[in-house]
Amino acid sequence: MSFAQRTHGCGEPRASHAGEQVILNGWAHRVRDLGGVCFVDLRDRSGIVQLVFDPSRFQNLAEIRSESCLSVTGTVRLRDPDTKNPAMPTGEVEIVVTGYNVLGPAKTLPFPVSDEEQMTSVNEELRIKYRYLDLRRPAMYRKFAIRAAAIRRIRAYLDQREFLEIETPIFTKSTPEGARDYLVPYRLEPGLFYALPQSPQQYKQLLMVAGVERYYQIAKCFRDEAQRADRQPEFTQLDLEMSFVTQEDVLRLIEGLTVEVVNGLIEEFDLPKDRVEGFARLTYDESMHLYGCDKPDLRFGLQLFDISSVVKDCGFGVFKSCIDGGGFVRGIRYPGGASLSRKEIGILEEFCKEFGAKGMASFGLAQDPADAGEGAVVLADGRAVKGSIAKFFKPEELVQILETAKAEPGDLLCFIADAYSAGNNVLFRLRNEIGERCGLRDQRKVAFCFVLDFPLVEWNPESSRWDATHHPFTAPKAEDLIYIDTDPGRIRADCYDVVCNGTEWASGSIRIHRPDIQERCFKLLGLDEETIRARFGHMIEAFEYGAPPHGGIAPGIDRLIMFLTDDENIREVIAFPKIGQGMDPMMGAPSTIDPQQWAELGLRLGE
RNA sequence: GGGGGUGUAGCUCAGCGGUUUAGAGCGCCGGCCUGUCACGCCGGAGGUCGCGGGUUCAAAUCCCGUCAUCCUCGCCA
């Protein structure tokens, strides 16, 4: 079928085109039939323009239904001053239609594609089932334009710096540590399986052994784990690796790349974000101490405080016994929280208990000491502390606590008394909750930071062994190797995360390139010779042929787009996402297979 | 695996202290309309109230189960 090819995009016509003949191709965005005249907004990816039809020239305008695909010939006409539409970029003009063709008639739609406001509440499963319609919305198109531009800019940055983009296999080998693998049966020998890569980790290290020196890839990664708002079974990483580098080289590279790409996108798409000036740096220990987690949201400052030394001999039994038991009393300031009712504080306590807190103690610093109420403890300087636990502390202890917490009048101070890591888990969630409630998160900020010096291993009480914090190839810091036999938990790794707005965005490390150290680390992880050979034999062998020192990092592409578009759901930035337990309602995947396929693969259904 | 939310017309939702014919807005169909741009006005069609069971004279509504989906804890080297 032939059709008239367009001369312009729908978003292009301006007053300067008045009188010109144009041909447009696009979709009927909205139809307004007034009887004696009929207006149709025609939309393509460049924008929207108003068409004017004279019903006396065209008999069957009813065939122009919403979202039909059209080809239109017409003349650009300047609108009368009182009929201009300043809300539209093309609103100075309209197209007087001289001929048209319905290229693709549309049935009645499952949801109102042209109504952006209503679309925000349409059932997501339905949107994904009809994703090809959902993606027609300009707001969706824009996200994927941003995504494409991000990848384009990343490639440009790395290509300029002599990185080589290399594809690695999708059919690879199962590695039982880490997440659950997606498996693909091998037809020629039943019982053997490929696994889809959780990341191209081993390949990129082997490329370093191969002398590539600088590698990157926009890589699909596959992990069969429970879904979350910011997780998909298949997602995209910028995977990169460099030889002959120190940790500092990798950090500078990724910081430089991110700053240039993000600022470029902010400018190109006029995003409501402040330019990124650079990454903050924190060690793992600092991050845990100040924010209670290894992924602090630095869009706001609020830091934890530690009053353990102040209250170690205090009269409040809960605090004292916690410290006597080797625990800590730490807390956070809730700006303005002193005005919370007893019930509201109870809700906050329940919130803490959800994350394993035994309890949450608190007291407020009265905004106005005169209204502090009965039972408030009035300090020598006139400030009043209110809350049922205030009376357990000596005035000088209260003063010191207020000092340590940097409490302002009107603040509530929340305390968690617990072991260090258990307390952190509560405090970091409480911090995010307070940040949310008080509107402390600056929406214009894209707050990146490095978290450095992660521990190499962490004790897994369930299996009674040391697990790799990052992965088994991560290099221990040379100066910490002395602890490998005596105190492995003390070994820091050349390992780093990039965190953005409270989300882990990228993770990387300097890798072990010496077989002897690799062997010691495998042993630390409790892997016996046989397991090592079966799982990693190819890696060990490769490192015996002259492996260069190397390291890399892998940021998530999907999450980067989420930071820029303010989406909280990763599905919004993936063209064809999965829902539920990995279902694709549009394709109908996963699906059954033919009996013949079962037979060919030597498979049958278990009980 | 655990917790919470949701499921009623094509879409978004109301109804859910049990009752006779289950409503609204948008969309859809028909009619009218020459300046709209969320066009307007008049009329109309459209529902296995997620599914299964139970209680009851009577269930969208109460109870039990189940499925789907969203969020979340665990999990995600």
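- Atom P of B/C51 sits at a distance of 29 Å from the matching atom of B/G44, rounded to the whole Å.
- Taking a pair to require two hydrogen-bonding distances under 3.5 Å in either a Watson-Crick or a G-U wobble arrangement, B/G40 pairs with B/C32.
- Within the 4.0 angstrom heavy-atom criterion, base atoms lie near A/P472.
- Distance from the side chain of A/R223 is smallest to B/C76 among B/C76, B/C28, B/C73.
- Between the side chains of A/R77 and A/T75, no donor-acceptor pair is found at a separation under 3.5 Å.
- Per the geometry, CD belonging to A/E124 stands 18 Å off P belonging to B/U6, to the nearest Å.
- Counted by atom type alone, A/Y215 and A/D239 present one or more donor-acceptor pairs between their side chains at under 3.5 Å.
- The pair A/R131-A/D134 meets the salt-bridge criterion, since a charged nitrogen lies less than 4.0 angstrom from a carboxylate oxygen.
- Among B/G10, B/C76, B/U36, the nucleotide with an atom closest to any side-chain atom of A/P110 is B/G10.
- When heavy atoms are screened at a 4.0 angstrom cut-off, A/E117 is found touching no nucleic acid atom at all.
- Residue A/R30 places no side-chain atom within donor-acceptor reach of the base of B/C39, judged by atom type and a 3.5 Å distance cut-off alone.
- The distance from atom NZ of A/K578 to atom P of B/U69 is 14 Å, rounded to the nearest whole Å.
- As a whole-Å value, the separation of A/L126 CG from B/G50 C1' is 15 Å.
- Rounded to whole angstrom, the span from the CG atom of A/D33 across to the P atom of B/G27 amounts to 14 Å.
- If you take CG of A/L34 and C1' of B/A38, they are 14 Å apart, rounded to a whole angstrom.
- An OP1 or OP2 oxygen of B/U36 is reached within less than 4.0 angstrom by no side-chain nitrogen or oxygen of A/R32.
- Counting any heavy atom pair closer than 4.0 Å across all strands shown, A/K84 reaches a base atom.
- Rounded to a whole angstrom, the distance from the P atom of B/C49 to that of B/C11 is 15 Å.
- Side-chain contact between A/L133 and A/L109: present, with at least one pair of heavy atoms (C-beta onward) separated by less than 4.5 Å.
- A salt bridge does not link A/D497 with A/K295: none of the charged nitrogens is closer than 4.0 Å to a carboxylate oxygen.
- For A/E354 and B/U72, a side-chain-to-base donor-acceptor distance below 3.5 Å is absent, hydrogens and geometry of angles not being considered.
- Between B/C57 and B/A14, the distance separating the two C1' atoms is 29 Å to the nearest Å.
- In this structure, the CE atom of A/M88 is 15 Å from the P atom of B/U36, given to the nearest Å.
- Aromatic ring centres of A/Y100 and A/F53 lie closer together than 6.0 Å.
- Note: A/D294 CG to A/T283 OG1 = 11.5 Å, rounded to the nearest 0.5 Å.
- Counting any heavy atom pair closer than 4.0 Å across all strands shown, A/T83 reaches a base atom.
- Below the 3.5 angstrom threshold, one finds a donor paired with an acceptor across the side chain of A/E94 and the base of B/G35.
- Side-chain N/O atoms of A/R231 and base N/O atoms of B/C75 include a donor-acceptor pair closer than 3.5 Å.
- Across B/G74, B/U12, B/C28, the shortest atom-to-atom separation from the side chain of A/T108 is found for B/C28.
- Between the C1' atom of B/C26 and the CD atom of A/E116 lies a distance of 16 Å, rounded to the nearest Å.
- Residue contacts shown for A/R429 are limited to sugar-phosphate atoms, with no base heavy atom under 4.0 Å away.
- Taking the six-membered ring where the residue is Trp, the centroids of A/F222 and A/Y182 are separated by 6.0 Å or more.
- Summary of the strand contacts: A/D467 and A/R65 both lie near RNA chain B, and taking for each the nucleotide with the nearest heavy atom, the more 5' one is attributed to A/R65.
- As judged by a 4.0 angstrom heavy-atom cut-off over every strand, A/R77 is placed among the base-contacting residues.
- With a cut-off of 3.5 Å on both pairing distances, B/G17 has no Watson-Crick or G-U wobble partner at all.
- Per the geometry, CG belonging to A/N569 stands 16 Å off C1' belonging to B/G5, to the nearest Å.
- In this entry B/G65 has B/C51 as its Watson-Crick or G-U wobble partner, both defining distances falling under 3.5 Å.
- Within 4.0 Å (heavy atoms only), A/T120 reaches no atom of the nucleic acid at all.
- For the OP1/OP2 pair of B/C71 and a distance below 4.0 Å, the side-chain nitrogens and oxygens of A/R571 include at least one atom meeting the criterion.
- Comparing A/E458 and A/E125 along RNA chain B, the residue whose closest nucleotide (by nearest heavy atom) sits nearer the 5' end is A/E125.
- Figure legend. B/G27 is base-paired to no nucleotide; pairs are counted as Watson-Crick or G-U wobble with both atom distances under 3.5 Å.
- Look at B/C75: it lacks any Watson-Crick or wobble partner with both distances under 3.5 angstrom.
- Between the C1' atoms of B/A9 and B/A60, the separation comes to 14 Å (whole Å).
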